[in-house]
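What follows is a short report on a single structure.
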There are 2 protein chains.
Amino acid sequence: MNYKESHTLILNNISRFIDLTELEKQKYTSLLTEIKVKKKDFLMQAGEVTKYEYFIVKGCLKVYTLDENGIPHISMFAIEDYWTGDISSFTTKEPSRYYIKATENSELLGISRVNYKILFQEIPKFERFYRILYQRSLVSYIRRSNHGISLTAEERYINFKKKYPKIVTRITQKDLAAYIGITPEFISKIISKVNRM
Amino acid sequence: MNYKESHTLILNNISRFIDLTELEKQKYTSLLTEIKVKKKDFLMQAGEVTKYEYFIVKGCLKVYTLDENGIPHISMFAIEDYWTGDISSFTTKEPSRYYIKATENSELLGISRVNYKILFQEIPKFERFYRILYQRSLVSYIRRSNHGISLTAEERYINFKKKYPKIVTRITQKDLAAYIGITPEFISKIISKVNRM
DNA sequence: GAAAAAAAATGAACTAGTTTAAGACTTTTA
DNA sequence: TAAAAGTCTTAAACTAGTTCATTTTTTTTC
């Protein structure tokens, strides 16, 4: 995908919450970096300090931690038109605990820490954009944290399929298990049970 | 607590992220409503559309849902200097699924939906305040949702005690169980085990 | 397009957490 | 301050989800 196309995508995403003038659009896109990452490659690894916040133009990635037994726990899948990264490390400059790995060849736009600051100084409207973006993410993470402790694995699986029909077809069962918080063996059982119903 | 004291508290909280002039402080506090709620009373119930976002001046409250079996799942405890409410219902005007109940006599400051809008129009700096506030909440809910699906109940209990030492002494074991996502019986076992260690 | 690697399925033995029930202790209320 | 209501503890029987081991199926790689 060329510059123009990916800039159109990201500007469309932003225009859901704030209106920008042509000048502001130009200023904004000038602060972005194009990033490509091949299937199976890391965008970022635990221990590093996150350099960017990302917008996905094309592809699919998974964000995960490894626990002390080396078991992966996926915190999100990101596909086209999603934002991802590690806001915690990005804002505190502390080393991240997350890995971000491409599950397909992917194209992203990144904004660096320095440019993120410049953005707020030069186009304060972006405070509003991020206020709304975070507000919405917050709502979904509050719900997810509730579901994690109150629903059965089968209910969480059914919810995921309903909520993310586009994602479920693009990821492996194993990764879905790591997102739901169960073993690959158990998700296999759940799926064959659900299909039998 | 009188107006002055509670206004000082909320302004101190806000000054961690943004600086306000005297005039802005006056404008801001004029948009707030004082609310008192007695122990065991509801600040809000499921089915209602949330009218306010709240800041706790004094007391302790729990925010929870009831599942289809009538079992409560607590999504947060809020004490002095915390913000609470249901941003989802507050912003979408859809009926909330949450109950907010005082576990102690409590005093709050509320901002109504109308005043929240006025606030952003008149003091746009508040976009920044809420951007940062939501950003930070988001970090902790992302972590919580990961912990919910990846840690054992015992680990979640130990984490809670470490992270919220001030809260753990003020709530019942039963409510802590409803937060951790286990039965009161099982938390009782965990606690006696942890104490024996 | 064959070989290697990874993902998915299945099953048996196991463990973390639930359910139910009963008794002891603590707090609330009249 | 006594009675009632709610909270906490303990224990036995149960169930959702894990672990480990093996086979089959699919995907990747050269």
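Labels below follow one simple rule: chain letters A, B, ... track the order of the sequence lines, proteins then strands, and each chain is numbered from 1.
Among the atoms of the strands shown, base atoms are found under 4.0 Å from some heavy atom of T183(B).
Under a cutoff of 6.0 Å and an axis angle of 45°, K62(B) and Y64(B) form a cation-pi pair. Because its NZ or CZ atom is not both nearer than 6.0 Å to the ring centre of Y28(A) and within 45° of the ring axis, K25(A) does not count as a cation-pi partner of that residue. In this structure, R144(A) is not positioned above the aromatic face of F160(A) in the sense of NZ or CZ being under 6.0 Å from the six-membered ring centre and within 45° of the axis.
Protein atom CD1 of I171(B) is 16 Å distant from nucleotide atom P of dT27(C), rounded to whole Å. In this structure, F186(B) atom CZ and dG17(D) atom P are separated by 14 Å, rounded to whole Å. Per the geometry, CD1 belonging to I180(A) stands 17 Å off P belonging to dA16(D), to the nearest Å. As rounded to whole Å, 16 Å separates atom P of dT27(C) from atom CZ of R170(B). Distance L176(A) CG to dA8(C) P: 10 Å, rounded to the nearest Å. Counting to the nearest Å, the C1' atom of dA7(C) and the CD1 atom of I191(A) are 12 Å from each other. Look at CD1 on I187(A): it is 11 Å from P on dG17(D), rounded to the nearest Å. dT19(D) atom P lies 12 Å from atom NZ of K189(A), rounded to whole Å.
Close to dT28(C), at under 4.0 Å from its OP1 or OP2, lies a side-chain N or O of K39(B). In terms of phosphate contacts, Q173(B) brings a side-chain nitrogen or oxygen within less than 4.0 Å of OP1 or OP2 of dT9(D).
Projected onto DNA chain C by closest heavy-atom contact, E185(B) and K40(B) fall at different nucleotides, the more 5' of which corresponds to E185(B). Along DNA chain D, the nucleotide nearest K174(B) and the nucleotide nearest S192(B) are compared for position; the residue whose nucleotide lies closer to the 5' end is K174(B).
A salt bridge links R131(A) to E127(B): at least one charged side-chain nitrogen sits closer than 4.0 Å to a carboxylate oxygen. Under the 4.0 Å criterion applied to side-chain N and carboxylate O atoms, E104(A) and K40(A) are not assigned as salt-bridge partners.
The overall bend of the helix from dG1(C)-dC30(D) to dA30(C)-dT1(D), read as the angle between its terminal helix axes built from five base pairs each, is 70° when rounded to 10 degrees.
Each of dG17(C), dT10(C), dT10(D) was ranked by its minimum atom distance to the side chain of S188(A); first place goes to dT10(C).
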**OP:** Show the numbers, then the answer: is there a side chain to side chain donor-acceptor pair (under 3.5 Å) between S96(A) and S89(A)?
**Re:** CA-CA 5 Å; S96(A) 176; S89(A) 168; 4.9 Å; no

**OP:** Run the numbers on F77(A) and Y179(A) for ring pair (Phe, Tyr, Trp, His ring centres under 6.0 Å), then give the verdict.
**Re:** CA-CA 9 Å; F77(A) 296 103; Y179(A) 178 91; 5.5 Å; yes

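The stretch residues 143-157 of chain A has no heavy atom under 4.0 Å from DNA chain C, so no residue of it qualifies as close.
I71(A) and I187(A) fall into different hydrophobic clusters, defined by Ile, Leu, Val, Met, Phe, Trp and Tyr side-chain heavy atoms under 4.5 Å apart, directly or through other members.
When the options Y52(A), F129(A), Y54(A) are evaluated for a ring-ring contact (aromatic ring centres under 6.0 Å, His included) with W83(A), the one that passes is F129(A).
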